[in-house]
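Before any comments, here is the structure.
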Amino acid sequence: MAPRKKPEELRSHRWLGVHDLRSFTHRSRLRQGGYDTRDWTGKPVIGIINTWSDISFCHTHLRARAEDVKRGVWEAGGFPVELPALSLSEPFVKPSTMLYRNLLAMETEELLRSHPIDGAVLLGGCDKTTPGLIMGAISMGVPAIYAPAGPQLRGHWHGQVLGSGTDAWKYWDEKRAGRITEEQWAEIEGGISRSFGTCMVMGTAATMMAIAEALGMTLPGASSIPAADSAHPRMCASAGRRIVNMVWEDLTPTKILTPAAFDNAIRVHMAMGGSTNAIIHVVAMARRAGLPMDMQRFDEISREIPVLANVRPSGSLLMEDFFYAGGLRALMNELKHKLDLSCLTVTGKTIGDNIAGAEVYLPDVIRPFNNPVSSAEATAVLTGNLAPRGCVMKPSAAEPRLLRHRGPAIAFEDYNHMAREVERDDLEVTPDHILVLKNAGPKGAPGMPEWGMLPIPKKLVQAGVRDMLRISDARMSGTSYGACILHVAPESFVGGPLAFVQTGDEIEVDVPGRHIHLHVADDELARRRAAWKAPEPRYPRGYGALYSEHIGQADEGCDFDFLAPLGAIPEPEIH
Ligand code: FES
């Protein structure tokens, strides 16, 4: 049994338990809030970091869920306080939520540090909120439990099941090809998002929620519960109960987040057919925890783990089906011979304890190892003269013919250039061309938006082409699909080789060989490099300027250089 903290060892004791003028002020202000001394005395203060907002529809329910967490905290003998944080609504925040992930991480860390908080429940789910919250909690170092928002219900239209993002792309191409009407398109708009909760395909949200669970940062099974299921508020109340004991046990994130826990999470990522975005976030989270991690670890693990979750875009179903099939506990039990079952979790028990006895109820949804959804790996990391520090691809979501391919490039200087060109009826393009987008990376876009699934040129869409090779330094939504090579590092904006690609250059991609090559002679590349002029910085001032100065490249997890190291920061002085 873990030794328990004493009340006077709580962080909050410095604010509330001593007898001086300042603590008088703190206590009198709590009484101003209608609380009595007995409500807080000797109790852990639990901060509920809530990413609810009026324009974050994935998180609409988190306002109510915070009350469920509070119910659990009170019940277990804690004192809950809710602290609102940046909501990072994926559809609305421009140019990209990725620009602000680190801001949420900073906000989380500093909210916890500057207040009398002993432990935290982190409420989030929409893509960047999961890594942002967890990165902040790691760096702060108080016990923390992540309560995922959960996926929304399935979309529906004309008897078809619709998946977030994935079906928007699909039917947009059908509309561009003239195969559905404006009226039908409007019906799809009304049917694709039916409830609060995150995207319900295996997008970045579902991937990151599952990764958080596999890391041991959530209660068992939490990541699969649909947002609208009554199990969801029950899970939140349980998280509230559990965090109080985590504080007494001093079960901090770095005790959970070991190298073995990260390997477990990457194995789960592969078995889920997870989003390529997770690579950046996992690298960032691991480095926050003081652990070495790079993209290559994903490539190594992807070779041993097939895709087992039959969820779009790698599979055909949705997260609601995955929950009914048994959820992540069942998938992890299916994978258990590949996992380190001794890893500690927020429950105080091991991953092995947490998944024991979990059953797969629908074997078409969660496949056995010997009958995977796809034998193509979920992630491949390629290197070569076009991406010296690496780039990534999701082979399981691409047409197999494109996994080994050589063709001429069509190079676009930026997103607007690309968007104009692909609509041209006279664009000289064949299905064998390779589309190249520059200036879409961490500094160049800025914020490395999800532009990596470049649209197939209109004339090819009309001819029935649905996939072709595309290369960029952008990311791609986890809901996207196709032969898209992403995260090219270093990015073109800082003079990575992608900056020097010209239309007509031959590019060769060999995914099984993990190689990408620009067939341009070295002396010609040197000539182009010498003629290249670094673009002007994007921001004259403000957060964007801070971001541009300190952001790391994709292979480094896109963290700020001053946030990444694990190091003790003094507790705030109280005067
Ligand atoms: Fe929030 Fe997809 S838009 S998870």
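Model, not experiment: these values are computed from the prediction. We count ligands from 1, going down the list as the structure has it; atoms in each ligand are counted the same way.
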key: From H269, H281, H487, residue fulfilling ring-ring contact (aromatic ring centres under 6.0 Å, His included) relative to F298   =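 Result: among H269, H281, H487, H269 is the only option passing the ring-ring contact (aromatic ring centres under 6.0 Å, His included) with F298.
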
ask   = Can an N, O or S atom be found in C58 less than 2.8 Å away from atom 1 (Fe) of ligand 1?
value = yes

request  = Return yes when at least one N/O/S atom of C199 is nearer than 2.8 Å to atom 1 (Fe) of ligand 1, and no when none is.
outcome  =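 Under 2.8 Å: C199 has no N, O or S contact with atom 1 (Fe) of ligand 1.
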
ask   = Does some side-chain heavy atom of S164 sit less than 4.5 Å from a side-chain heavy atom of I192?
value = no

ask   = Are side-chain N/O atoms of S492 and K438 paired as donor and acceptor at under 3.5 Å?
value = no

task = Answer yes if the side chains of T204 and R475 hold a donor-acceptor pair under 3.5 Å, and no otherwise.
result = no

What are the atoms of ligand 1, with element, lying closer than 4.0 Å to any heavy atom of [X]?
{"X": "E90", "value": "3 (S)"}
{"X": "P91", "value": "3 (S)"}
{"X": "C126", "value": "1 (Fe), 3 (S), 4 (S)"}
{"X": "T198", "value": "4 (S)"}
{"X": "A205", "value": "4 (S)"}
{"X": "D127", "value": "2 (Fe), 4 (S)"}

task = To the nearest 0.5 Å, tell me how far M246 CE sits from I243 CD1.
result =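 Nearest 0.5 Å value for the CE-CD1 distance: 4.5 Å.
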
For residues 133-149, tabulate all N or O donor-acceptor pairs below 3.5 Å that involve a side-chain atom, not counting sequence neighbours.
| from | atom 1 | to | atom 2 | distance (Å) |
| --- | --- | --- | --- | --- |
| S139 | OG | M135 | O | 3.3 |
| S139 | OG | R288 | NH1 | 2.8 |
| Y146 | OH | G124 | O | 3.1 |
| Y146 | OH | T130 | OG1 | 2.5 |

